Amino acid sequence: MTRKTTIKTRLTSAVLAGILPAIALAALTGCRGERSRKPPRELLVDMDDQPRWNPQTKSKFFADGRTMRQPVTGTVPYGRRVANPDDYPGQEWAGFVETERASLLKEGAAEFLGLAEGVDPAKAWANLDPAIFVDRIPIEVTPALLARGQERFNIYCSACHGYQGEGGGKRRNEATQLAEEYGGMVGRRWSTGAVPTFHDPKYQPGATEKNAAGDDVLVRTGRDGYIFYVAMHGVLGPGPSPADPPVNKMPSYAHALSARDAWGIVAYIRALQLSQRATLADVPDDQRDILRAQRPGTGGGE
Ligand code: HEC
């Protein structure tokens, strides 16, 4: 080896020793955390980019012009199989899955919209005619449903309507002749006027009103389906002047209630109504003595 070559070799090694780690360092640390709109440079593309269609878009490939295919006629989607809770004895989740499934599919205008049979949901809300609403709660009323309804009512409705459904607002106290607030904590100061009491005759089941000809006609406020509707849609009323758009006199609670919850609330409102006009005769035999003992100063009368 000549001296010249030795120097050359040394130089090359020095350069390599300096440059290689620098490249490695740049490769390891470079481009970390930097955002770029440009597509990344890829040495091996693998299957990162493939031709595909976006859902719900057009395509000339198929005769019907859709990218998405329709299920083959007669296909039963997996989620529609009716699971039978009896197939899973002693397992509580099975019943729960079944009710959940029914709620997700939202089949049945009565249960999910409160509509009477044969009413077209697409046209239903045009004039809120009493006949479009179901008369009675379309699902089975059980103690569990009632308990759920009581809980949901106390959470979502009582603030304005009061725990007994007595409404809220201001009235004159006969004894002191002073104005006093009554009812729900929010309802007593609600900006659009008094919150109605559910013990008003027009909210009783099957409530009627005299029409212009003097005949009794059903009013919507007495129908279970209407109370369900109000829980889910709120109350829309005229704005401050005829030129103004309608305003929400009561907000909707659809964000917070499932259909079952709303029927539970309807059932509970019916129970509250009953509680205000029931007599001792409505109470089961074995409970009467307990109630008699609780009533102050009545001497146990009916
Ligand atoms: C923030 C206050 C507020 C809450 C909470 C509230 N309401 Fe109301 N509700 C009102 C007011 C105010 C009215 C009267 C609207 C009007 O001017 O007709 C009303 C009216 C009603 C009516 C009668 C509608 C009619 O056409 O006469 C029903 C039924 C009703 N509410 C049910 C419910 C139910 C069920 C809940 C709970 C899910 C609830 N409300 C929660 C304020 C409230």
Side-chain angles (χ1 to χ4, degrees), residues 103 111-116 124-139 141 145-171 181-209 217-242 244-277:
S103 299
E111 182 173 346
F112 293 99
L113 301 172
L115 292 179
W125 319 126
N127 53 14
L128 301 186
D129 177 358
I132 67 170
F133 297 105
V134 280
D135 190 17
R136 308 301 301 271
I137 300 170
I139 62 174
V141 179
L145 184 78
L146 203 57
R148 174 83 180 168
Q150 175 177 33
E151 186 204 45
R152 297 291 108 174
F153 179 92
N154 288 346
I155 294 173
Y156 293 114
C157 317
S158 69
C160 293
H161 287 276
Y163 283 103
Q164 276 81 45
E166 73 274 31
K170 284 195 186 63
R171 65 184 166 204
E181 293 175 343
Y182 71 95
M185 294 302 290
V186 177
R188 61 182 60 185
R189 298 194 180 178
W190 191 241
S191 53
T192 63
V195 178
T197 159
F198 293 135
H199 307 299
D200 188 308
K202 74 175 184 178
Y203 296 116
Q204 303 300 319
T208 56
E209 226 172 43
V217 289
L218 285 170
V219 286
R220 61 168 182 250
T221 43
R223 320 235 348 142
D224 287 354
Y226 180 66
I227 297 177
F228 175 92
Y229 168 87
V230 172
M232 297 304 234
H233 293 82
V235 178
L236 211 58
S241 86
D244 292 316
V247 293
N248 258 348
K249 303 276 183 189
M250 178 191 132
S252 148
Y253 286 87
H255 62 282
L257 304 173
S258 69
R260 278 189 74 74
D261 289 344
W263 288 122
I265 288 177
V266 177
Y268 184 63
I269 290 176
R270 294 307 189 207
L272 283 177
Q273 291 175 329
L274 209 60
S275 75
Q276 301 296 306
R277 53 191 159 81

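We count ligands from 1, going down the list as the structure has it; atoms in each ligand are counted the same way. For the single chain, residues carry numbers from 1 onward in sequence order. The shown structure was predicted, so the numbers you read here are calculated from the model rather than taken from an experiment.
Without hydrogens or angle criteria, Q273 side chain to F198 main chain gives a donor-acceptor distance under 3.5 Å. Put simply, the side chain of H199 gets close to the backbone of Q164: a donor and an acceptor are under 3.5 Å apart. In terms of modelled atom types and a separation under 3.5 Å, the side chain of D244 and the main chain of S241 share a donor-acceptor contact. Distance alone, capped at 3.5 Å, places no donor-acceptor pair between the R220 side chain and the F133 backbone. Proximity of a side-chain donor or acceptor of S252 to a complementary backbone N or O of M232 within less than 3.5 Å is detected.
Those atoms of ligand 1 that come under 4.0 Å of a heavy atom in Y156, given as number and element, are 5 (C), 37 (C), 41 (C). Atoms of ligand 1 lying under 4.0 Å from at least one heavy atom of K249, given by number and element, are 11 (C), 12 (C), 15 (C), 16 (C), 17 (O).
Taking only nitrogen or oxygen atoms, main chain and side chain alike, T221 does not reach within less than 3.5 Å of ligand 1. Checking only distances, Y203 does come within under 3.5 Å of ligand 1, N or O to N or O.
Counting only heavy atoms of the protein, atom 22 (C) of ligand 1 lies nearest to V230 CG1, 3.9 Å. Looking only at protein heavy atoms, the nearest one to atom 32 (C) of ligand 1 is F198 CZ, 3.6 Å. With hydrogens left out, the protein atom closest to atom 18 (O) of ligand 1 is V235 CG1, 3.7 Å, a heavy atom. The closest protein non-hydrogen atom to atom 5 (C) of ligand 1 is Y253 OH, 2.8 Å. Nearest protein heavy-atom neighbour of atom 1 (C) of ligand 1: C160 SG, 2.7 Å. When hydrogens are left out, the protein atom nearest atom 36 (C) of ligand 1 is C157 SG, 2.8 Å; that is the closest non-hydrogen contact. Nearest to atom 26 (O) of ligand 1 among the protein's heavy atoms is Y226 OH, 2.5 Å.
When each of D224, V141, L257, I227 is tested with W263 by the rule side chain to side chain contact (heavy atoms under 4.5 Å, CB included), just one qualifies, namely D224.
By the 30° and 60° cut-offs, the orientation of the rings of H255 relative to Y253 is tilted.
Comparing R152, K202, M250, M232 against atom 43 (C) of ligand 1, the shortest heavy-atom distance belongs to M250.
The shortest separation from a heavy atom of P196 to ligand 1 is under 4.0 Å, placing the residue in contact. I265 counts as a contact of ligand 1, since one of its heavy atoms falls under 4.0 Å from the ligand.
Heavy atoms of F153 found under 4.0 angstrom from ligand 1: none, in either backbone or side chain. Neither the backbone nor the side chain of A159 comes within 4.0 Å of ligand 1, counting heavy atoms alone.
Distance CZ/F228 to CG/L113: 7.0 Å, rounded to 0.5 Å.
H161 has its closest N, O or S atom to atom 8 (Fe) of ligand 1 at the position named NE2.
The side-chain heavy atoms of N248 and L236, taken from C-beta on, include a pair separated by under 4.5 Å.
The existence of a salt bridge linking E181 and R189 is confirmed by a sub-4.0 Å separation between a basic side-chain nitrogen and an acidic carboxylate oxygen.
Surrounding OH of Y182 are more than 12 heavy atoms belonging to other residues, nucleotides or ligands, all under 6.0 Å away.
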